[in-house]
Amino acid sequence: MPASRVRVLVPGRINQRVVDRLAGQFEIVRIESADPALLTPELRDVKAIAVAGRVPAALMDALPELEIIANFGVGYDGVDVAHAVARGITVSNTPDVLTEEVADTAIGLLLNTLRQLPQAEQWLRQGRWSREGAFPLSPLSLRGRSVGLYGLGRIGLAIARRLEAFGVSIAYHTRSPREGLSYAYHPTLVGMAGVVDTLVVIVPGTEATKRTINAEVLSALGSNGVLINVGRGSTVDEQALIAALQAGVIAGAGLDVFENEPQVPEALMALPNVSLLPHVASASVVTRNAMADLVAGNIEAWFETGRALTPVPETPFTRRAV
Ligand code: DGY
């Protein structure tokens, strides 16, 4: 079948550049969400999905000819990968092209949280500097901090490299130690939380990481402790975090991701000691363009060469001759 006739399904919203680029070669079909009830019978021949969100098993099962799901984002927790593996469907993601951007944002969020820079800017914009005088001194600082990275993949390493330049001590927790690094390794998360005062979360959202930042870990982090999350909201027990921030169990938090996005608990927004971002770690035009190109490139490569450019490790499949 010539590539021009292959149908690519786009459920929900996606960066327009993905659609513009694929539209030259493929027939793009858009539906409002990943709900299989929205599929008409003639869409049963869809062979590819480009998505920036969820792909549940039910959507895959409504598409018997589906071969590849190209996920917009390095994290692919929205895609039921176990089901894709069982069906022999390739899943691709967008690693590398966002690594430096997300690491930059993590550092920005860390500094905003510690030094209250967004609040200081509001102080100026509201005319309070000229009316009331200097913005109050920030109770927290990066000086002298000891940072523990929960996760040390590509983005974790990029954050660590940046932190080196800030002269803070660096430790990490992953399932097993990484060779050739001078950072202190901790075999348990709670053990690391007990010896650092700043915890940066950059693990994927999986069953294994779900709500692992819990009351026990926050209590170990302690009253000078600061939590930064640029991974997934599911990793943090949000109610335990709110309770810890309210009670002074930890000193502050900087969050780019939440358990139930785009809903952010009122209790979190009411807290003065948090810095909150609407999941923007990779959200610059240049980086989102690169991610869009990689989503489109994965689908193009699949049908041209039989291999995705960046398949996730669980689906190292090649295309069967058709
Ligand atoms: C990702 O790539 O997983 C990011 O969270 C999207 O910004």
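Small disclaimer: the values here were computed from a predicted structure and weren't measured. Counting starts at 1 for both ligands and their atoms, following the listed order.
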Of all heavy-atom pairs linking G205 and R232, the shortest is N-CG, 3.6 Å
For a side-chain hydrogen bond (donor to acceptor under 3.5 Å, both in side chains) with E65, tell me which candidate from R7, K47, R44 qualifies.
K47
Structural part of T94 in contact with ligand 1, heavy atom criterion under 4.0 angstrom:
neither
Ligand 1 atoms nearer than 4.0 angstrom to some heavy atom of L98 are 2 (O)
For the student: nearest non-hydrogen atoms of R13 and A52, plus distance
O-CB, 3.7 Å
Using a 3.5 Å cut-off on N or O atoms only, is S282 in polar contact with ligand 1?
yes
R288 to ligand 1, any heavy atom closer than 4.0 Å:
yes
Does an N or O anywhere in G75 fall below 3.5 Å from an N or O of ligand 1?
yes
Relative to the heavy atoms of G73, which atoms of ligand 1 are at a distance of less than 4.0 Å?
1 (C), 2 (O)
side-chain contact (heavy atoms from CB on, under 4.5 Å), paired with T287, selected from D104, V97, L98:
L98
If you have a sec, work out which protein heavy atom is nearest atom 4 (C) of ligand 1 and how many Å separate them, to one decimal?
H279 NE2, 3.8 Å
Sub-3.5 Å N/O-N/O distance, V74 and ligand 1:
yes
Using the ring centroid of each side chain, check whether F26 and F303 are separated by less than 6.0 Å.
yes
Which atom pair, heavy atoms only, marks the closest approach of R115 to S138?
NE-OG, 2.8 Å
shortest atom 3 (O) of ligand 1-to-protein heavy-atom contact is with R232 NH2, 2.7 Å
Looking at V85, V312, T315, which one forms a side-chain contact (heavy atoms from CB on, under 4.5 Å) with T90?
T315
